[in-house]
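Below is one structure, written out as structure tokens; comments come after it.
Every chain is numbered from 1 and lettered A, B, ... according to where its sequence line falls, protein lines coming before strand lines. Nothing here was measured: the structure is a model prediction, and the numbers come from that model.
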Amino acid sequence: MQSGTEAAIGDLLEGLSEPQREAVAHTEGPLLILAGPGSGKTRVVTRRAAHLACTVARPSQILAITFTNKAAREMQERIAVLGVAHGMTVCTFHALCAKLLRWHHDRAGIPRNFTIFDRDDRRKLIKKAIEECDLSSANWTPAVVERDISLAKNDMLTPDAYEARAPGWREESIARIYRQYEELLSEMAGLDFDDLLMRMAILLDKDDELRDDLEDRFRYVLIDEYQDTNASQYGIARRLTEKRQNLCATGDPDQSIYGWRGANIENILNFEHDFPEAKVVRLEQNYRSTQRILAAADRLITGNLKRKEKSLWTQNDEGAAVRVFECETGQTEAKRIAEGISQELRSGGAAREIAVFYRVNSLSRVVEEALLKAGIAYQIARGLEFYSRKEIKDVLAYLRVLVNPADEVALLRIINTPPRGIGATTIGRLVERAKTSGLSVHDLIVSGDDLSDLGRSSAKVHEFGKLLESLRSVLNLPAPDALTHVMGHSGLRAHYSETTSADEAPAQNLDELITASAEYQAEHPEATLLDWLEHTALVADVDSVREGTGAVTLMTLHAAKGLEFDVVYIVGLEDGLLPFRRRDEQDGDEEEERRLLFVGITRARKLLTLSHARVRMQRGCSERTVSSPFLEELPQDGVEWDRVDISSRRGRSDGKTGRLPDDIEEWSIGTLVRHEVRGLGQIVSLHRGAKRTHVTVRFRDGSEQTWVLEFAKLTRVDFDEVGDLDCLDS
DNA sequence: AATATTCCCGTTTTT
DNA sequence: CGGGAATATT
């Protein structure tokens, strides 16, 4: 910051386009950077942070907030290269809130040792809340209730506010469950993901002194992916920058893809209204993709009404045509992609520069199988998979209980893991007893007083209590040592080693967890066990994507945001899948789906391939598909349609997708039919609509399924044929 | 109480 | 198809 500063500042402004330079050089006051894909946003943002640190601020006064740990890490690294990172705070919203809430727990009115409840924990607790409200979880699906509560929290609605906003029979019940759930959380000193944000937003709202302190501490705030902020995050952003208005928001309305998580695209659209003094910079030149890829993206996104007009342009080459593969099944689709990738690799392409994106995780399977068969190495962006493994959650649950004894979800997980003779009835009694006595289950167990009514089990429970006591000492150890100790003394290590012959993965995963914690400890020497535990709760899928692994990357379209690859495949461009639509056909947000595809397309630098299958197998049955309307929104020029394997398809070859209408006469209730996958069945109902006929078939196992007749893979079966089929089937 | 078996249900997308 | 829960078995 002293000598050579002039030169350093000069360097930071070097080699930038005019709008980029403007953004980097901006210091005081609100700034909105509308950054199209591949427009060098990260470059601008990191340089601007460095520039601030060289001119008007100390690094410690700069706060940069991202949505994923990966983005935070990358930003930190790229600022470090510029030589000024030290002391800057770069982290995710969730990590920031967790830290601040821990630090200011007394002001927030929560215990210092709160634990973060993940999705599974939350679901268990919601289930419990539903039961305690005397509602049936058959009618009140935990998943649905969970979604509603999460959305309410993202909008910063308390149960009362939620109920007041949309009064009704359903809302009343949800609000009751919500209240009960909050009660349970607070008893257990737990916060879910949404709480981290909402509590922080509320705290900043009401605690002037704290807000003042934080505003003085963080004088320059930068928020990445502003289009994905929800009400809580927006509240935090506003409150943290009230005094100085030094908020720099970067984002792109066309890449807003988290509406389902409560993100409000209006936050970025209204930025200039919120900050009338705001300077707005548009980064529209694309440095990433070929002309043809960019043209496809640009043409597609024009279909959206809710957006800020942007004209994307590039000086890059025209490039190869965008390809559209039409395939017969998901399997042939995957096979063709594997072939394409093989070819790419043979001609010298690097595997790490190739990616496959899909709308839903379940589509990864077919692709994986095809890549495996073709001998192509791949990595999947699923960090969560590791942390959601049984053995890993078991160990972490021990630590959670040690840190926060009130954490009943974790306690019930480990009370009989590994098996120690404490069964369901005993656990039920303990929980009941805790409820009536007002003690936590943990205290009940550890206090050791008369548990004699538990009979033979009381000794085992007592023993478990002693185990917990003896493990307490690990709280002061570094994470790797604590883990080793807990794994050894709890019997988990032995438990998972015994089963080695069948499956050795669990034992290996335990080792891997120790390694991971050691890595973390090395990176953060000051960190406590609690810090590490918090860290494990806040990892995301994308965070696990490593660079330079020499493997093809597979991930969801959501996870792909912010990344780029030379070669990109996007699979499953089928109506209902992309754009995704729920089964109960209340249409989703088509504009958001379009943006999602836009995000996917714009990840590609050189070669883009979109594909769809005419028959898609999902949850065990194959169904006919309709190709995505988005495909028709692509430009005519520069897009090459490839329907090469269509000739190999079975059945009609007249090009019609459904049966002729007069055919329908032959289908009625009682008709015997055969389905490709499910076998023999009988039509039990038939509903004729204007365009489509819905048919419900009951199979021999008693199950029923409904299809659109025109698309169903059903064939009529004659009575005399049935005898034979019967023999075959039985 | 622990293990083996069947059955039932479902999901976008994620911090 | 696959995971988790209810159910059957030892």
Side-chain angles (χ1 to χ4, degrees), chain A residues 65-72 91-98 116-120 122-124 127 137-138 141-144 146-147 150 153-154 191-198 225 228-230 232-233 256-263 330 357-363 365-366 369 381-384 387-388 390 416-427 455-457 460 499 534-543 555-561 572 576-584 588-589 592-593 595-597 599-600 617-622 677-678 701-703:
Chain A
I65 309 177
T66 62
F67 275 78
T68 65
N69 295 300
K70 187 175 192 294
C91 63
T92 66
F93 259 112
H94 292 267
L96 174 74
C97 293
I116 298 170
F117 280 29
D118 69 15
R119 209 178 158 204
D120 286 351
R122 183 213 252 174
R123 190 157 292 184
K124 278 181 197 159
K127 234 179 202 168
S137 59
T141 330
V144 172
E146 184 186 8
R147 207 185 101 253
S150 177
K153 286 190 177 185
N154 284 325
L191 294 188
D192 65 24
F193 290 134
D194 305 318
D195 285 332
L196 293 174
L197 304 177
M198 182 167 110
E225 311 281 16
D228 288 329
T229 50
N230 64 27
S232 301
Q233 291 160 330
S256 163
I257 55 175
Y258 285 101
W260 52 274
R261 206 164 88 182
F357 304 150
Y358 32 81
R359 177 65 237 262
V360 293
N361 276 307
S362 61
L363 289 191
R365 180 174 308 274
V366 245
E369 281 166 5
R382 261 197 251 134
L384 273 166
Y387 284 101
S388 62
K390 191 162 33 75
N416 198 34
T417 315
R420 50 171 69 88
I422 304 175
T425 37
T426 307
I427 293 171
R456 291 190 303 285
S457 308
K460 316 232 170 172
T499 54
E534 188 173 287
H535 167 79
T536 64
L538 298 175
V539 290
D541 284 353
V542 241
D543 297 336
M555 64 177 92
T556 63
L557 284 162
H558 282 91
K561 195 173 62 168
L577 198 53
L578 184 59
F580 189 88
R581 219 174 304 106
R582 278 192 106 116
R583 261 191 129 62
D584 44 8
D589 185 343
E592 183 155 310
E593 297 294 314
R595 291 193 292 266
L596 197 49
L597 179 57
V599 166
M617 175 138 97
Q618 270 188 309
R619 321 190 260 243
C621 352
S622 296
V677 174
R678 310 221 35 201
D701 57 2
S703 67

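For A:F117 and B:dT15, the CZ to C1' distance is 17 Å, given to the nearest whole Å. Atom C1' of nucleotide B:dT13 and atom CD of A:E146 are separated by 14 Å, given to the nearest angstrom. When the P atom of B:dT14 is taken as reference, atom CD of A:E592 falls 13 Å away, rounded to whole Å. The distance between atom CD1 of A:I65 and atom P of B:dT15, rounded to the nearest whole Å, is 17 Å. What separates CZ of A:F357 from C1' of B:dT14 is a distance of 17 Å, to the nearest Å. Going from atom CG of A:L191 over to atom P of B:dT15 covers 18 Å, rounded to whole Å. Between A:R122 atom CZ and B:dT15 atom P there is a gap of 13 Å when expressed in whole angstrom units. Per the geometry, CG belonging to A:D228 stands 12 Å off C1' belonging to B:dT13, to the nearest Å.
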Short heteroatom pairs, N/O only, protein and nucleotides 2-4 of chain C, under 3.5 Å:
unit_1 : atom_1 : unit_2 : atom_2 : d
C:dG2  : OP1    : A:R365 : NH1    : 2.9

Collect all protein-nucleotide pairs involving nucleotides 1-5 of chain B in which both atoms are nitrogen or oxygen and the distance is under 3.5 Å.
unit_1 : atom_1 : unit_2 : atom_2 : d
B:dA1  : OP1    : A:G423 : N      : 2.9
B:dA2  : OP1    : A:G421 : N      : 2.9
B:dA2  : OP2    : A:N416 : ND2    : 3.1

Give every pair of a protein N or O atom and an N or O atom of nucleotides 7-12 of chain B that lie under 3.5 Å apart, one pair per line with the distance.
unit_1 : atom_1 : unit_2 : atom_2 : d
B:dT12 : O2     : A:R359 : NE     : 3.1
B:dT12 : O2     : A:R359 : NH1    : 2.4
B:dT12 : O2     : A:R359 : NH2    : 2.0
B:dT12 : N3     : A:R359 : NH1    : 3.4
B:dT12 : N3     : A:R359 : NH2    : 3.3

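Residue-level contact check: A:F193 touches the bases, meaning some heavy atom is under 4.0 Å from a base atom.
Here CE of A:M198 is found 8.5 Å from CG of A:D192. Values are rounded to the nearest 0.5 Å. The CD atom of A:E146 sits 10.5 Å away from atom NZ of A:K127, with the distance rounded to the nearest 0.5 Å. For the atom pair CG of A:N154 and CG of A:D194, the computed distance is 4.5 Å after rounding to the nearest 0.5 Å.
Within a 6.0 Å sphere centred on NZ of A:K460, heavy atoms belonging to other residues, nucleotides or ligands number 12 at most.
Among A:Y358, A:F580, A:W260, the single residue meeting the ring pair (Phe, Tyr, Trp, His ring centres under 6.0 Å) criterion with A:H558 is A:W260.
Closest approach of A:K561 and A:V599 over heavy atoms only: CA-CG1, 3.9 Å. Residue A:L538 comes nearest to A:A98 through the heavy atom pair CD1-CB, 4.3 Å, listed as atom of the first residue, atom of the second, then distance. Minimum interatomic distance between A:V366 and A:L363 (heavy atoms only, all atoms of both residues): CG2-O, 3.4 Å. Of all the heavy atoms in A:F193 and A:R119, the pair that sits closest is CE1-N, 4.4 Å.
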> Can you list the steps and then say if A:H94 with A:I116 is a side-chain contact (heavy atoms from CB on, under 4.5 Å)?
Replying inline: CA-CA 11 Å; A:H94 292 267; A:I116 298 170; over 6 Å; no
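Using a cut-off of 4.0 Å between Lys/Arg side-chain N and Asp/Glu carboxylate O, A:E593 and A:R581 are scored as not salt-bridged.
Between the P atoms of B:dT13 and C:dG4, the separation comes to 15 Å (whole Å).
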